[in-house]
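Scroll down for the structure; my scribbles are underneath it.
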Amino acid sequence: MTGSLVILQPGHSVATDLGRTKGPAFGLPVNGALDQFSAKAANILAGNADNEPLLELTALDFRMRATTDLLIAVTGAPLDLKVGGRDCPQWEPVSVRAGETVAVRGIRTGLRAYIAVHGSFTVPTLLGSCAPDTVVGFGLKLIEGTELATQRTTAPITQPHYGLPLFRLGLTKPDFTTHPVIDVTDGPDVAEFGTTADLLFTSQYTVSPRSNHIGLRLGGALPERQLTSEVLSRGVPVGAIEVPSREELLVLHRGRGVTAGYPVLAVVTSRSLDVLAQARPGHTITFRKTTVADATATHRAACLELDRLRSTIQTVFGLLGIGAGERWHELSPASGS
Amino acid sequence: MPAPTIAAPAALEIHESGDAALRVVATSGNAEADWATVHSLAGWLATADVDGVHGAVPTYDSVLVEFDPYLTSARQVRAFVLLAMRQLDFTGATVREPRRFEVPVVYGGSYGPDLDRVAAEQGMDAADVIARHTEKTYVIRCLGAPAGSPMMDGPDFPFPVPRLKDPRLSVPAGAVSVAGRQAVIAPATAPGGWCVIGQTPLTVLDATREPLVPYVPGDELRFHAIPEADFDSLAGQFLEARP
């Protein structure tokens with residue numbers, strides 16, 4: 001059975017997914033959820049596949065009303081979550097009854113939160129992704145009154161002992177801080193900056209209010225390119241750190257243009273890109289050098305954490321009969337018996 | 001039957017670019033050969049559909065290969081690129097017949113605010129800059145930012161054109177720009193650090209169809225100057241290949 005929800009107060013929210021991975025080959029940025037760990041966790045906690053459409057909220061308060069019974073999960077930066085006036089936990093599945101309002105207030109310490117709905121919802125896609133692309137003008141605009149059809153509805157899961165959390169899944173939540181440490185590897189053009197490249201690791205940087213999903217602008221001591229030759233446009237990875245102006249460092253995020261002609265000083269690791277996605281203007285950033293091997297290991301550890309969560313959720317939801325989860329299977333007769 | 005030619009893989013450098021991408025640079029020193037190498041490699045990677053490899057962004061002499069570091073790794077993708085280079089046939093590469101595009105441009109004034117400065121830097125007057133810009137048939141080398149911009153080897157100016165020290169926060173769709181030794185048209189409104197010398201009234205990007213832009217790398221393009229008075233009558237028409 002399909003369900004639906006209505007946006008009451010959009011704040012600054014979009015419907016997105018893990019990104020348009022086929023986009024860069026056509027000159028389009030990957031875009032998608034900026035904090036990929038929180039987005040994946042939200043979908044997993046809601047019993048969805050990792051890449052299904054979900055809501056990304058940036059900074060501002062948000063409200064929506066469930067028109068049918070829903071199961072949701074809210075992750076990302078710390079916030080106050082109320083469902084039908086009740087305080088509810090983040091990073092856990094939460095039942096919403098038909099007619100109840102889901103209210104997110106006071107997103108703090110970090111910048112972005114994610115709301116996944118069991119069964120996800122149907123939204124337009126471009127090159128296989130619903131992620132908005134502000135440059136080409138693609139994406140569903142969420143305004144007051146927008147109705148999203150969900151592919152499933154979930155009867156409320158009742159908890160006889162009022163006030164106790166319904167689930168305790170034991171996911172290690174990421175830390176949120178106003179002074180994040182960001183891991184980077186040397187960029188392919190680090191040599192062009194000579195000894196000034198070390199400034200990146202001995203200085204602190206302040207997040208500028210001009211930062212967005214395309215890139216974060218950071219104020220602080222700027223490494224300087226030692227060459228003056230022009231650079232041919234090249235593909236630049238998400239996480240590339242460039243020094244395009246005399247005022248600020250630019251750290252490209254998932255909305256970045258796929259090519260650029262500025263040398264790449266360093267590249268933020270996949271795991272730290274999630275941390276950067278939560279940095280608010282005014283937060284202070286310290287960079288720490290790592291290697292590709294260590295960055296890969298850290299990323300994989302986070303993915304394994306999500307794999308364990310997925311496995312737990314499948315067991316719990318299967319036993320509760322939610323969604324298309326696993327059921328008890330008849331054992332086939334042992335051969336020879 | 002002629003004996004098969006074994007072509008040595010072109011000279012190649014592979015650089016780490018974070019934990020989820022590699023930059024592969026062709027270093028034969030021959031710009032045409034390097035361009036063909038990186039585009040062949042990107043095409044091969046796209047059709048190979050390898051687990052964990054998202055895709056490739058080829059430009060002039062380099063290709064950025066992006067991957068998911070959970071499903072694969074920089075080491076594995078590096079090995080795969082080297083394998084691809086052995087598999088690629090650089091001898092008899094079939095090249096698609098290029099399509100040709102004509103782009104009308106209003107140069108200078110509010111359409112091309114950097115025209116006079118570019119002219120001064122080159123020691124030319126504005127009319128010479130326009131003449132150089134319109135006399136050449138450009139090959140679209142790659143699709144770049146923003147939104148599938150057609151990146152071309154620039155007009156034959158005496159000196160490379162410096163990028164703006166402080167990039168503009170908004171450059172309109174249709175802007176015709178130069179930087180370094182490259183030329184480009186902006187398919188969509190976006191920030192930009194290139195010198196804008198003119199603007200085309202044609203619509204380059206159509207977000208309602210795939211592909212979003214009408215050209216592919218290898219296609220050819222020419223600019224011609226039109227008077228400002230003609231801008232509005234052409235505005236909104238789509239850029240289409242000439243029949």
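Here is how names work: the chains are called A, B, and so on, in the same order as the sequence lines, proteins then strands, and each is numbered from 1.
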Could you go through D189(A) and R23(B), starting from their C-alpha distance and side-chain angles, then the distance that decides it, and tell me whether this counts as side-chain contact (heavy atoms from CB on, under 4.5 Å)?
CA-CA 11 Å; D189(A) 308 310; R23(B) 181 200 285 172; 2.8 Å; yes
Apply side-chain contact (heavy atoms from CB on, under 4.5 Å) to residues R181(B) and L232(A) and explain how you reach the verdict.
CA-CA 8 Å; R181(B) 296 200 177 276; L232(A) 276 178; over 6 Å; no
Determine whether H54(B) and K22(A) satisfy the following criterion, side-chain contact (heavy atoms from CB on, under 4.5 Å), listing intermediate values before the conclusion.
CA-CA 6 Å; H54(B) 292 319; K22(A) 289 197 194 94; over 6 Å; no
Working note: Y60(B) + R234(A), criterion side-chain contact (heavy atoms from CB on, under 4.5 Å); need CA distance, chi angles, decisive distance, verdict.
CA-CA 7 Å; Y60(B) 291 80; R234(A) 292 184 291 222; over 6 Å; no
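The main-chain N or O of S270(A) is found under 3.5 Å from a side-chain atom of D19(B) such that the two form a donor-acceptor pair.
Closest approach of T59(B) and G235(A) over heavy atoms only: CG2-N, 3.8 Å. Counting all heavy atoms, side chain and backbone alike, L126(A) lies closest to L212(B) at CD1-CD2, 3.9 Å. Taking both residues in full, the closest heavy atoms of P237(A) and L64(B) are given as N-CD2, 3.7 Å, listed atom of the first, atom of the second, then distance.
Identified by a heavy-atom distance below 4.5 Å to chain A, the contributing residues of residues 65-81 of chain B are E66(B), D68(B), P69(B), Y70(B), T72(B), S73(B), A74(B), in residue-number order.
For V161(B), the part sitting under 4.5 Å from any heavy atom of chain A is the backbone (N, CA, C, O) and nothing else. Contacts of D183(A) with chain B are absent, with no heavy-atom separation under 4.5 Å from either backbone or side chain. Using a 4.5 Å cut-off between heavy atoms, I214(A) does not touch chain B at all. Of the two parts of V236(A), only the backbone, made up of N, CA, C and O, holds a non-hydrogen atom closer than 4.5 Å to a non-hydrogen atom of chain B.
If you tally non-hydrogen atom pairs under 4.5 Å between each of A293(A), G261(A), G239(A), A302(A) and chain B, the highest count goes to G261(A). If you tally non-hydrogen atom pairs under 4.5 Å between each of P244(A), P124(A), P188(A), G187(A) and chain B, the highest count goes to P188(A). With chain A as the partner, the residue from D206(B), V63(B), V57(B) showing the most heavy-atom pairs under 4.5 Å is V57(B). For chain A, the option among K165(B), Q182(B), R163(B) with the highest count of heavy-atom pairs below 4.5 Å is R163(B). Across A188(B), A147(B), G55(B), the residue that shares the most heavy-atom pairs under 4.5 angstrom with chain A is A147(B). Comparing R246(A), E247(A), R271(A) by heavy-atom pairs within less than 4.5 Å of chain B, the highest count is held by R246(A). Your options are S233(A), C303(A), P24(A), and the one with the most heavy-atom pairs under 4.5 Å with chain B is S233(A).
Residues T185(A) and E16(B) have side chains that never bring a donor and an acceptor to within less than 3.5 angstrom of each other.
A 6.0 Å sphere centred on CD of Q226(A) holds more than 12 heavy atoms belonging to other residues, nucleotides or ligands. Other residues, nucleotides and ligands place more than 12 heavy atoms under 6.0 Å from the OH atom of Y138(B).
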